Amino acid sequence: MQLIDGIRRHGFRKWYERELLQSHAHLALTFLCAIGLFGAFEAALHFTGWTDRVLDAVAIMVCAVVGVWALRRYLYLLMHAEHAANQADCPQCGAYARFTLVDGAAASPAPSVVVRCRDCAHQWSIDD
């Protein structure tokens, strides 16, 4: 989910929580793929025919590809959430994640989101 859409729909704190939960779900998928890889390698050592060997090779490839994709997705989502969270402090008063979107933020094609602090009304941008 894009940062601006997530803030508009859920608020920053809920968006951040959802990004972390989604990233850790990908980490769990990576762990399951690693278990599948170990099982497929173990099964490949005890094959009875060529069809079993081909089936084990397909299982190894699928687990490896899905595991690498899930690990990359985990790292991307985690780094994206942390990058936005590091910019969520108001530079003027130091309030964390207490901001609203500026009205013209949706129309701008820039990769940053302009926000306004609820406490001191200071405006700053958060890079997406």
Side-chain angles (χ1 to χ4, degrees):
M1 178 180 295
Q2 293 293 328
L3 178 62
I4 193 165
D5 297 332
I7 292 172
R8 184 175 292 118
R9 187 176 298 157
H10 304 291
F12 179 77
R13 291 180 191 227
K14 288 289 186 182
W15 172 84
Y16 180 68
E17 179 183 330
R18 286 171 181 251
E19 287 287 304
L20 290 180
L21 286 174
Q22 186 178 5
S23 71
H24 284 84
H26 283 89
L27 181 62
L29 178 61
T30 303
F31 181 71
L32 291 175
C33 286
I35 291 172
L37 268 173
F38 292 139
F41 276 122
E42 179 68 26
L45 294 176
H46 305 291
F47 73 96
T48 56
W50 287 104
T51 57
D52 290 340
R53 180 172 271 194
V54 169
L55 186 63
D56 291 338
V58 168
I60 289 170
M61 290 299 296
V62 167
C63 286
V65 168
V66 171
V68 168
W69 172 82
L71 182 62
R72 288 176 48 97
R73 188 73 180 150
Y74 161 71
L75 291 172
Y76 170 76
L77 289 171
L78 185 66
M79 291 300 116
H80 183 246
E82 288 300 315
H83 180 69
N86 287 335
Q87 301 174 55
D89 290 330
C90 176
Q92 191 167 356
C93 69
Y96 177 73
R98 292 194 39 82
F99 54 80
T100 57
L101 292 173
V102 175
D103 293 333
S108 70
S112 63
V113 178
V114 180
V115 294
R116 180 182 296 122
C117 181
R118 290 184 197 153
D119 294 340
C120 66
H122 177 74
Q123 287 188 6
W124 77 97
S125 64
I126 296 176
D127 296 333
D128 191 12

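This structure is a prediction, so every number in the text was calculated from the model and none was measured.
Looking at F99 and C90, their side chains never come closer than 4.5 Å, going by heavy atoms from C-beta outward. Residues L3 and I126 are in side-chain contact: their nearest non-hydrogen atoms beyond the backbone lie under 4.5 Å apart. E42 has its side chain out of reach of F38: every pair of non-hydrogen atoms, C-beta onward, lies at least 4.5 Å apart. Side-chain contact check for H122 versus R116: every heavy-atom pair is 4.5 Å or farther apart. You'll find the side chain of V102 reaches within 4.5 Å of the side chain of Q123, heavy atoms only.
Grouping the Ile, Leu, Val, Met, Phe, Trp and Tyr side chains by contacts below 4.5 angstrom, directly or via other members, places W124 with I7. V66 and L71 fall into different hydrophobic clusters, where Ile, Leu, Val, Met, Phe, Trp and Tyr residues are linked whenever their side-chain heavy atoms come under 4.5 Å apart, directly or through other members. Cluster membership for W69 and V62, using ILVMFWY side-chain heavy atoms within less than 4.5 angstrom, is shared. In terms of hydrophobic clustering, with Ile, Leu, Val, Met, Phe, Trp and Tyr side chains grouped at heavy-atom distances under 4.5 Å, L78 and V68 are assigned to different clusters.
We find the CG-CZ distance between L45 and F41 to be 9.0 Å, quoted to the nearest 0.5 Å. Atom NE2 of residue H46 and atom CG of residue D52 lie 12.5 Å apart, to the nearest 0.5 angstrom. For the atom pair CZ of R8 and OG1 of T100, the computed distance is 11.5 Å after rounding to the nearest 0.5 Å. Summarising the geometry, atom NE2 belonging to H24 is positioned 12.0 Å from atom CD belonging to E19; distances are rounded to the nearest 0.5 Å. Within the model, atoms CZ of R73 and CG of L29 stand 12.0 Å from one another, a figure rounded to the nearest 0.5 Å. The line from OG1 of T30 to CZ of R72 is 12.0 Å long, rounded to the nearest 0.5 Å.
The neighbour count for F31 CZ, taken as heavy atoms of other residues, nucleotides or ligands under 6.0 Å away, does not exceed 12.
At least one donor-acceptor pair under 3.5 Å links the side chain of Q87 to the backbone N or O of D127. A donor-acceptor pair is defined here as one N or O able to donate and one able to accept, closer than 3.5 Å; no such pair exists between the side chain of H83 and the backbone of M79. The main-chain N or O of V113 is never found under 3.5 Å from a side-chain atom of S125 such that the two would form a donor-acceptor pair.
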* Test Y74 against Q22 for side chain to side chain donor-acceptor pair (under 3.5 Å), laying out the working first. => CA-CA 8 Å; Y74 161 71; Q22 186 178 5; over 6 Å; no
* To do: Take D119 and Q92 through the side-chain contact (heavy atoms from CB on, under 4.5 Å) test and state the conclusion after the steps.
  => CA-CA 10 Å; D119 294 340; Q92 191 167 356; over 6 Å; no
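Using bins of under 30°, 30° to 60° and over 60° for the plane-to-plane angle, the ring pair F12/W15 lands in the tilted bin.
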